[in-house]
Peer 1: 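Quick one: structure below, then a few questions.
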Amino acid sequence: GFSLPIDNVLGKAGLLEEDDIIQSIYYSVNNGADVISMSFGGTAGGQLEKNALDYAYSQGVVLVAAAGNEYSSGESYPAAFENVIAVAATDANDKRAWFSNYGDWVDVAAPGKDILSLRAINSDMYGTIGRIVQDKYYVASGTSMATPYVSGAIGLLLSKLGDKPNYLLYNAVINNSDNITSEVHIGGRINVNNSFNYLNFICGAADGSGIVDISDIVFLINYIFQNSPAPNPLLAGDANSDESVDIADAVYLINYIFGDGTAPCQAGRSYVPDKSIQTEEQVVNYMNTMKQKAETAKAEESLGWIVIL
């Protein structure tokens, strides 16, 4: 969920204070929020606020916040806190919006110049003619407008791909963005298609077939010991979700396919095979293949667990 009751955030007086922020974070987490989008910030970050954000992250929530609009490298909070995605703003030319904050602490950018936004009743942020559209909308600029693009992108990924660990969603958005023109660091501009493709694979299907079976174990063994092609994407081979692809992932798949192990990793989409198709002949062939790989690689000792299965 993404929405918060407005009274819970702004308080009865309509002012955003630290205790309101902290209360809202805990409220969001305890009521099942997947993403917390924070279009606000300041130059100081309190420990209690950090504690609340750390708690949210520990519960799997994705945290997104505006980097600020002072055209400064100075850190803005909560965006600059660890485990929060700090969002800068871009313009219609796919360049850094002139007002956007920047710096190594900024993670990613999104459109934030002249964005059609919802308007609070009787409000007028700029006091200029032409910004209000049909009374209920406002053409506004700021990293506050960019932040919901990132939050919405993560929500879309969750809706299409199912539940995912928050660290993978961070990687999907930040590390799969597009390079843009900027004389200072603001990260790349979000690319939702790239983020989707990064996560849209069958977890454990290392050979790219979309099916998790014996061939994936063989594929991993070839990759690990014989410099054969890597799984594509690499995360497809990370069956045990330890953020590396190694012999432990092959063991994990063996336990899953032939035993009572749990389904492979949390990165991509889950695949539940019909284990009845794993015939005795397939098992024998697999064992012979593993033995041959061990002899060829002169790694009998390393692969002893396979030979004696």
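Note that the structure is a prediction, hence the values are computed from the model and not measured.
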Peer 1: Please give me the minimum heavy-atom distance between K164 and L169, naming the atom from each residue.
Peer 2: O-CD1, 3.9 Å
Peer 1: Looking at every non-hydrogen atom in both residues, tell me the closest pair between F201 and Y198 and how far apart they are.
Peer 2: CE2-O, 3.2 Å
Peer 1: If you define the side chain from C-beta out and look only at heavy atoms, does anything of L161 sit under 4.5 Å from F196?
Peer 2: yes
Peer 1: What about Y71 and Y102, are their ring centers closer than 6.0 Å?
Peer 2: yes
Peer 1: Within a 6.0 Å radius of atom OH on Y26, are there more than 12 heavy atoms belonging to other residues, nucleotides or ligands?
Peer 2: yes
Peer 1: Can you find a heavy atom in the side chain of L63 that is under 4.5 Å from one in the side chain of Y57?
Peer 2: yes
Peer 1: Side chains of P111 and M145: does their closest heavy-atom pair fall under 4.5 Å?
Peer 2: no
Peer 1: Any chance CD of E82 has more than 12 other-residue heavy atoms, nucleotides or ligands included, within less than 6.0 Å?
Peer 2: no
Peer 1: Honestly curious: do I247 and F258 fall in one hydrophobic cluster under the side-chain, below-4.5 Å linking rule?
Peer 2: yes
Peer 1: Roughly how far apart are K50 NZ and N83 CG, rounded to 0.5 Å?
Peer 2: 7.5 Å
Peer 1: Supply the atom-to-atom distance R189 CZ to I180 CD1, rounded to the nearest 0.5 angstrom.
Peer 2: 7.0 Å
Peer 1: Does N193 have more than 12 heavy atoms from other residues, nucleotides or ligands lying within 6.0 Å of its CG?
Peer 2: yes
Peer 1: Would you confirm whether the ring centroid of F81 sits within less than 6.0 angstrom of the ring centroid of Y77?
Peer 2: yes
Peer 1: Using a 3.5 Å distance criterion without hydrogens, assess whether the side chain of S28 forms a donor-acceptor pair with backbone atoms of A33.
Peer 2: no
Peer 1: In Å and rounded to the nearest 0.5 Å, what is the CG to CD1 distance from L53 to I25?
Peer 2: 4.0 Å
Peer 1: Side chain to side chain contact (heavy atoms under 4.5 Å, CB included), that's the test. Do T262 and Y256 meet it? Break it down for me.
Peer 2: CA-CA 6 Å; T262 56; Y256 175 57; 6.0 Å; no
Peer 1: For K95, does its backbone N or O pair with a side-chain atom of N93 as donor and acceptor, under 3.5 Å?
Peer 2: no
Peer 1: Between D107 and V150, is the side chain to side chain contact (heavy atoms under 4.5 Å, CB included) condition met? List the steps.
Peer 2: CA-CA 11 Å; D107 296 303; V150 177; over 6 Å; no
Peer 1: V84, F40: one ILVMFWY side-chain cluster at the under-4.5 Å cut-off?
Peer 2: yes
Peer 1: If hydrophobic residues (ILVMFWY) are linked whenever their side-chain heavy atoms come closer than 4.5 Å, directly or via other members, who joins Y252 in its cluster?
Peer 2: none
Peer 1: Would you call N191 and N176 a side-chain contact if the rule is heavy atoms closer than 4.5 Å?
Peer 2: no
Peer 1: Please determine whether residues F219 and F225 belong to a single hydrophobic cluster, defined as Ile, Leu, Val, Met, Phe, Trp and Tyr linked transitively by side-chain heavy-atom distances below 4.5 Å.
Peer 2: no
Peer 1: Rounded to the nearest 0.5 Å, what separation is found between the CG atom of L253 and the CG atom of N240?
Peer 2: 9.0 Å
Peer 1: List the atom of V108, the atom of G188, and the distance in Å for their closest heavy-atom pair.
Peer 2: CG2-O, 3.1 Å
Peer 1: Between CG of D34 and CG of D163, what distance do you get to the nearest 0.5 Å?
Peer 2: 7.0 Å
Peer 1: With no hydrogens and no angle check, do the side chains of S76 and N101 hold a donor and an acceptor under 3.5 Å apart?
Peer 2: no
Peer 1: Would you indicate whether the side-chain heavy atoms of Y138 and V133 approach each other to under 4.5 Å?
Peer 2: no
Peer 1: May I ask you to say whether R131 pairs ionically with D124, meaning some side-chain N is under 4.0 Å from a carboxylate O?
Peer 2: no
Peer 1: In the hydrophobic cluster built from side-chain contacts under 4.5 Å, what are the other members alongside W98?
Peer 2: F99
Peer 1: Quiz question: by atom type and distance under 3.5 Å, do the side chains of S215 and D207 form a donor-acceptor pair?
Peer 2: yes
Peer 1: Looking only at heavy atoms, which two atoms of T90 and A109 are closest? And how far apart?
Peer 2: CG2-CB, 3.7 Å
Peer 1: Can V64 and I36 be said to form a side chain to side chain contact (heavy atoms under 4.5 Å, CB included), step by step?
Peer 2: CA-CA 6 Å; V64 189; I36 297 178; over 6 Å; no
Peer 1: Measuring from E18:CD to L48:CG, what's the distance to the nearest 0.5 Å?
Peer 2: 6.0 Å
Peer 1: Between N51 and Q47, is any side-chain donor less than 3.5 angstrom from a side-chain acceptor?
Peer 2: yes
Peer 1: Taking C-beta and beyond as the side chain, do L156 and S159 meet within less than 4.5 Å on heavy atoms?
Peer 2: yes
Peer 1: side-chain hydrogen bond (donor to acceptor under 3.5 Å, both in side chains) with N30: which residues, sequence neighbours excluded?
Peer 2: Y55
Peer 1: Looking only at non-hydrogen atoms, find the nearest pair between S244 and D238 and report the distance.
Peer 2: O-OD1, 2.9 Å
Peer 1: Check the pair S177, N194 against side chain to side chain contact (heavy atoms under 4.5 Å, CB included), reporting the backbone distance first and the verdict last.
Peer 2: CA-CA 7 Å; S177 57; N194 286 354; over 6 Å; no
Peer 1: Minimum heavy-atom separation for D249 to A239, with atom names?
Peer 2: OD1-N, 3.0 Å
Peer 1: Less than 4.5 Å apart, any side-chain heavy atom of P231 and any of L234?
Peer 2: yes
Peer 1: Answer whether the closest heavy-atom distance between the side chains of I85 and I174 falls below 4.5 Å.
Peer 2: yes
